[in-house]
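Source: prediction; values computed, not measured. Computation of the quantities below employed the complete heavy-atom set of this structure, encompassing side-chain atoms and omitting hydrogens, waters and symmetry-equivalent molecules.
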Amino acid sequence: MVWRIHFGDDDLARIQVSPTLGPLAETVLAVGMLRCTQQPRTLHSEWRGQVSVTPRMTPLTALIPPDCRGVDLPTLVGETATIEQGLQALLTVPREHLLVEMEYIDRRNRLSPLAWAMAEAGGRPELAAATQVAYRELVEPFWPRIRARLHAEQAARRRTLADGGPGALLASLQGPRIRWRPPVLEIGMPGTVEMELGGRGIALVPSVFVGRDPSLHENPNHEDEMPRLILPAEDARSARLWAPSRSRGSALAALVGRNRAAVLQSVADGCTTTELARRVGISLAAASQHASVLRGAGLIATRRQGSAVLHVLTPLGADLLQAS
């Protein structure tokens, strides 16, 4: 069984690479992961040991039956940069749009009366409140590191797209479940899907909590909207994601001197250690040392790309540069 996504020339030209759908989407996916017995317990075991689904999340979990991805709230809400924006979008999703998604899920996984109540005006604040609780308990303590990892993934994919074009980008996704057989991207998953993009293109979005398998999202309420392929983020199993985030003060204390400020500025659009040394005019060893200090301070994130490493700003690093 396989999903087959068919690309035309217009679709290849319109491929987008996104860093994340935002904290609300990751929260919904995190709840789904915890409620899915088919996901291996070893996946994010360090995170699982620190979190749990609680009764205060019930209005949200009602929309995510066990072993089911649940109602596609991330697609209905769209990309939102903050949890506050996500919750506001959730409150204003048209009732008829939410019902379309709920009816689709209900055909396979019967939804409870409580779930149906969440589509109504009186239930929507309860849903938003439960989602906020889930974010605070499951995602917020780790969000700065998660967001940095997802932005690093975006930077690496954009670099592949810029250097090799859309074919190289799609080929770079290949793994045990994904094959790029131009002009079709094949994904080995339960069920059979034949998706003709028809000039809409597609957005590739990394996620920490999507689980081990990709997830394909299409908005039934807006047929012309670009579909999204949510992919497991590379290196997302690292235990470094699950340590509590450092405070802004402790991170900034590690940044001293003009050289490191120049290094931080040079990382703004993503670069390798060799490119960093050339931009700042320092040795490769010095560039590596400065990058290590900035990474330890939480100001940059680093991921491997082939034989090189790519450095990108974390949100904290970006905020520092913007304020300077």
Side-chain angles (χ1 to χ4, degrees), residues 18 20-37 39 47-48 50-143 146-147 203 205 207-211 215-228 230:
S18 301
T20 173
L21 291 178
L24 184 138
E26 288 295 310
T27 299
V28 173
L29 292 171
V31 171
M33 175 179 286
L34 289 174
R35 288 174 63 76
C36 182
T37 60
Q39 295 284 356
W47 170 71
R48 290 175 182 269
Q50 301 178 60
V51 303
S52 62
V53 173
T54 66
R56 294 177 65 198
M57 304 176 195
T58 299
L60 174 59
T61 59
L63 296 175
I64 310 173
D67 296 324
C68 170
R69 290 198 182 273
V71 178
D72 192 359
L73 296 179
T75 293
L76 291 172
V77 170
E79 295 184 26
T80 54
T82 67
I83 189 63
E84 292 78 15
Q85 292 173 1
L87 294 173
Q88 183 58 39
L90 183 59
L91 288 169
T92 57
V93 169
R95 175 180 180 272
E96 59 272 19
H97 289 187
L98 183 53
L99 287 176
V100 168
E101 287 287 348
M102 293 178 67
E103 289 164 0
Y104 175 80
I105 295 299
D106 189 65
R107 289 196 290 268
R108 296 164 176 78
N109 300 83
R110 185 68 62 183
L111 294 175
S112 69
L114 175 61
W116 292 103
M118 293 304 101
E120 306 303 328
R124 205 68 68 86
E126 294 181 42
L127 177 59
T131 304
Q132 186 169 42
V133 170
Y135 168 71
R136 287 176 176 171
E137 297 188 15
L138 306 182
V139 177
E140 185 177 31
F142 319 102
W143 180 243
I146 290 173
R147 184 167 58 167
V205 188
S207 169
V208 167
F209 293 117
V210 71
S215 182
L216 186 59
H217 297 250
E218 191 173 25
N219 192 341
N221 298 293
H222 297 285
E223 295 181 357
D224 294 335
E225 185 175 298
M226 177 180 287
R228 296 181 178 95
I230 302 181

Inset, instruction - Could you go through the side-chain contact (heavy atoms from CB on, under 4.5 Å) check for H222 and H97 one step at a time? - result: CA-CA 10 Å; H222 297 285; H97 289 187; 3.6 Å; yes
Legend entry - Test side-chain contact (heavy atoms from CB on, under 4.5 Å) applied to R136 and R56, step by step: CA-CA 12 Å; R136 287 176 176 171; R56 294 177 65 198; 5.9 Å; no
Inset, instruction - Run the numbers on M102 and L63 for side-chain contact (heavy atoms from CB on, under 4.5 Å), then give the verdict. - result: CA-CA 8 Å; M102 293 178 67; L63 296 175; 3.9 Å; yes
Inset, instruction - Please step through side-chain contact (heavy atoms from CB on, under 4.5 Å) for the pair N221 and L76, ending with a clear verdict. - result: CA-CA 9 Å; N221 298 293; L76 291 172; 3.7 Å; yes
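Of all non-hydrogen atoms in V28 and P74, the two that sit nearest each other are CG1-CD, 4.0 Å. Across A128 and L90, no two heavy atoms sit closer than the pair CA-CD2, 4.1 Å. The shortest heavy-atom contact between E26 and S207 is OE2-OG, 2.7 Å. Contact detail for A62 and S112: the closest heavy-atom pair is CB-OG, 4.1 Å. Heavy-atom minimum distance, T80 versus V77: CG2-CG1, 3.9 Å. The minimum heavy-atom distance between L98 and A119, with the atom names listed, is CD2-CA, 3.6 Å.
Crowding of R110 atom CZ: a count of heavy atoms from other residues, nucleotides or ligands under 6.0 Å not exceeding 12. Within 6.0 Å of CD on E223 lie no more than 12 heavy atoms contributed by other residues, nucleotides or ligands.
Of the inter-residue distances, the one linking R228 atom CZ with D72 atom CG reads 9.0 Å to the nearest 0.5 angstrom. In this structure, E140 CD and Q132 CD are separated by 8.5 Å, a value rounded to the nearest 0.5 Å. Atom CZ of R35 is separated from atom CG of L60 by 9.0 Å, given to the nearest 0.5 angstrom. Separating the CD atom in E103 from the CG atom in D106 is a distance of 8.0 Å, to the nearest 0.5 Å. Taken from CD in E79 to OG in S18, the straight-line distance is 4.0 Å, to the nearest 0.5 Å.
Annotation: side chain of L24 is not in contact with side chain of Y135 (no heavy-atom distance under 4.5 Å). Residues M33 and R48 meet the side-chain proximity criterion, which asks for heavy atoms closer than 4.5 Å. Residues L138 and V133 form no side-chain contact, since every pair of their non-hydrogen atoms from C-beta on lies 4.5 Å or further apart. Using a 4.5 Å heavy-atom cutoff, the side chains of S52 and L34 are not in contact. Contact of the I64 side chain with the V71 side chain is not registered, since no non-hydrogen atoms from C-beta on lie closer than 4.5 Å. Counting only heavy atoms from C-beta outward, the side chains of R69 and V210 approach each other to under 4.5 Å. In this structure the side chain of L29 never reaches within 4.5 angstrom of the side chain of L21, judged on heavy atoms. Within the 4.5 Å cutoff, side-chain heavy atoms of V93 are placed close to those of R124.
One N or O on the side chain of T20 and one on the backbone of G22 form a donor-acceptor pair closer than 3.5 Å.
Below 30°, between 30° and 60°, or above 60°: for W47 and F209 the angle between ring planes is between 30° and 60°, a tilted geometry.
No side-chain donor-acceptor contact under 3.5 Å links N219 and T75.
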